[in-house]
Amino acid sequence: MGSNWMQMLMPHPRRIGHRVCALAALLVSAGMTLAASPAVAASFDLLSSEKFDAWEANFFRNISSGRTFCAAQTTSGDGSVLRVNLYNDNREAFLELYNPAWSLREGGVRFALSFDGGYTADLQGKSWGDSYTHDFLVQENMLVLLGLLVKHNQVRLVNSNGMQVSEFSLKGSSQALAAFDKCAGGI
């Protein structure tokens, strides 16, 4: 899709075709698929960073593997991090929600991102003790989630018990995700 994905995800009705809206509604209401992400809990070096209000776009190198990846992220008031990652070599993309203070039981998990305006993305993923992850096995799922991050003002992480875990500002997400797209060479 290249860098035109941002134009597709803007809220103006002329920029979003009925097909994309229908796909978005279907994917969000149906949930998204799980796989374990190998990059979680890995140590990495920050190679470059750009700040956009509450968000930033980063370029990292995984210390153990030497692989590079792009990320767009924000940090909540309680120190939780919401990050979208994309490895440059194999285009592996995943969502990560992390807080070193969390003590989660490791394994498969369901969680949700609840957006202002009543939109909720139910996700299947994995918990790693201090993080939740969701791998984007289908590119359209990632585009839907990125679109929600761009279109809304805030998002809440909700655990499988329906309890809010953390809340994130989406101010600056549009610019950070555009920089993420540029870093990744187009999504």
Side-chain angles (χ1 to χ4, degrees), residues 1-33 37 48-60 69-77 80-88 91-98 111-125 131-158 164-187:
M1 282 204 168
S3 61
N4 292 332
W5 73 270
M6 286 293 291
Q7 292 174 348
M8 286 178 41
L9 298 175
M10 290 298 166
H12 194 281
R14 291 186 187 147
R15 293 190 182 151
I16 302 177
H18 295 303
R19 184 173 164 208
V20 173
C21 288
L23 176 64
L26 175 67
L27 291 172
V28 170
S29 66
M32 299 181 190
T33 331
S37 175
S48 66
S49 182
E50 288 183 81
K51 182 84 170 144
F52 304 94
D53 292 313
W55 279 71
E56 57 189 80
N58 298 314
F59 184 52
F60 292 105
F69 64 98
C70 301
Q73 69 183 52
T74 187
T75 303
S76 70
S80 300
V81 175
L82 182 157
R83 180 184 298 139
V84 179
N85 301 288
L86 183 115
Y87 270 94
N88 297 84
R91 312 299 291 164
E92 173 184 273
F94 62 97
L95 171 70
E96 176 182 19
L97 295 119
Y98 165 81
F111 60 96
L113 293 179
S114 179
F115 295 85
D116 57 315
Y119 298 99
T120 298
D122 292 311
L123 303 169
Q124 292 180 352
S131 64
Y132 293 108
T133 60
H134 169 78
D135 285 353
F136 295 112
L137 302 179
V138 178
Q139 183 183 26
E140 288 79 15
N141 290 356
M142 181 173 68
L143 296 176
V144 168
L145 188 63
L146 295 179
L148 291 168
L149 293 171
V150 167
K151 291 176 192 174
H152 294 278
N153 297 313
Q154 66 183 23
V155 62
R156 291 167 300 286
L157 169 61
V158 179
Q164 179 177 314
V165 176
S166 195
E167 186 171 349
F168 302 91
S169 169
L170 298 179
K171 187 175 182 182
S173 62
S174 178
Q175 298 90 336
L177 288 167
F180 168 79
D181 180 57
K182 183 178 178 185
C183 172
I187 300 174

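When reading the values below, keep in mind they use all heavy atoms of this one structure, side chains included, and skip hydrogens, waters and symmetry mates. The residues of the chain are indexed from 1 along the displayed sequence.
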Q.
Rounded at 0.5 Å granularity, tell me how far CD in Gln73 sits from CG in Leu177.
A. 11.5 Å
Q. From Asp135 CG over to Glu96 CD, what is the distance, rounded to the nearest 0.5 angstrom?
A. 10.5 Å
Q. For Phe111, what residues pass the ring pair (Phe, Tyr, Trp, His ring centres under 6.0 Å) criterion, not counting sequence neighbours?
A. Tyr132
(Q) With a 3.5 Å distance limit and no angle check, can you tell me whether Thr74 reaches the backbone of Ala54 through a side-chain donor-acceptor pair? (A) yes
**Q.** Residue list, side-chain hydrogen bond (donor to acceptor under 3.5 Å, both in side chains) with Gln154, at least two apart or on another chain
**A.** Glu167
Q: Check side-chain contact (heavy atoms from CB on, under 4.5 Å) between Lys51 and all other residues, then give those that pass, not counting sequence neighbours.
A: Glu56
Q.
My understanding is that only residues two or more places apart in sequence, or in another chain, count here; which of them pass ring pair (Phe, Tyr, Trp, His ring centres under 6.0 Å) with Phe168?
A. none
Q: Supply the atom-to-atom distance Met142 CE to Leu95 CG, rounded to the nearest 0.5 angstrom.
A: 11.0 Å
Q: Would you name the heavy atoms of Cys183 and Asn88 that are closest together and state the gap between them?
A: O-ND2, 3.6 Å
Q) Do side-chain atoms of Asp53 reach the backbone of Lys171 as a donor and acceptor pair under 3.5 angstrom? A) no
Q. Can you name the nearest heavy-atom pair linking Ala176 to Ala57, along with the distance?
A. O-CB, 3.6 Å
**Q.** Nearest heavy-atom neighbours spanning Phe180 and Cys70
**A.** CE1-O, 3.4 Å
Q. Considering only heavy atoms from C-beta outward, does the side chain of Trp55 approach that of Leu82 to under 4.5 Å?
A. yes
Q. How long is the span from the CZ atom in Phe60 to the CZ atom in Arg83, to the nearest 0.5 Å?
A. 5.0 Å
**Q.** Verdict with reasoning, Leu170 to Asn153, per side-chain contact (heavy atoms from CB on, under 4.5 Å)
**A.** CA-CA 5 Å; Leu170 298 179; Asn153 297 313; 5.6 Å; no
Q) Are side-chain heavy atoms of Thr120 and Val158 found at a separation under 4.5 Å? A) no
Q: Output all residues satisfying side-chain hydrogen bond (donor to acceptor under 3.5 Å, both in side chains) with Ser76, sequence neighbours left out; order by chain, then residue number.
A: Asp78, Ser166
Q) Taking all atoms of both residues into account, what is the closest heavy-atom pair of Leu86 and Arg91, and its distance? A) CD2-NH1, 3.4 Å
Q | Full working for side-chain contact (heavy atoms from CB on, under 4.5 Å) between Leu113 and Leu123 | A | CA-CA 8 Å; Leu113 293 179; Leu123 303 169; 4.1 Å; yes
Q) Just how far is it from atom CG of Leu145 to atom CZ of Phe136, taken to the nearest 0.5 Å? A) 4.5 Å
Q: Calculate, to the nearest 0.5 Å, the distance between atoms OG and CG belonging to Ser173 and Leu148 respectively.
A: 10.5 Å
(Q) Applying ring pair (Phe, Tyr, Trp, His ring centres under 6.0 Å), can you list everything that pairs with Phe115, at least two apart in sequence or on another chain? (A) His152
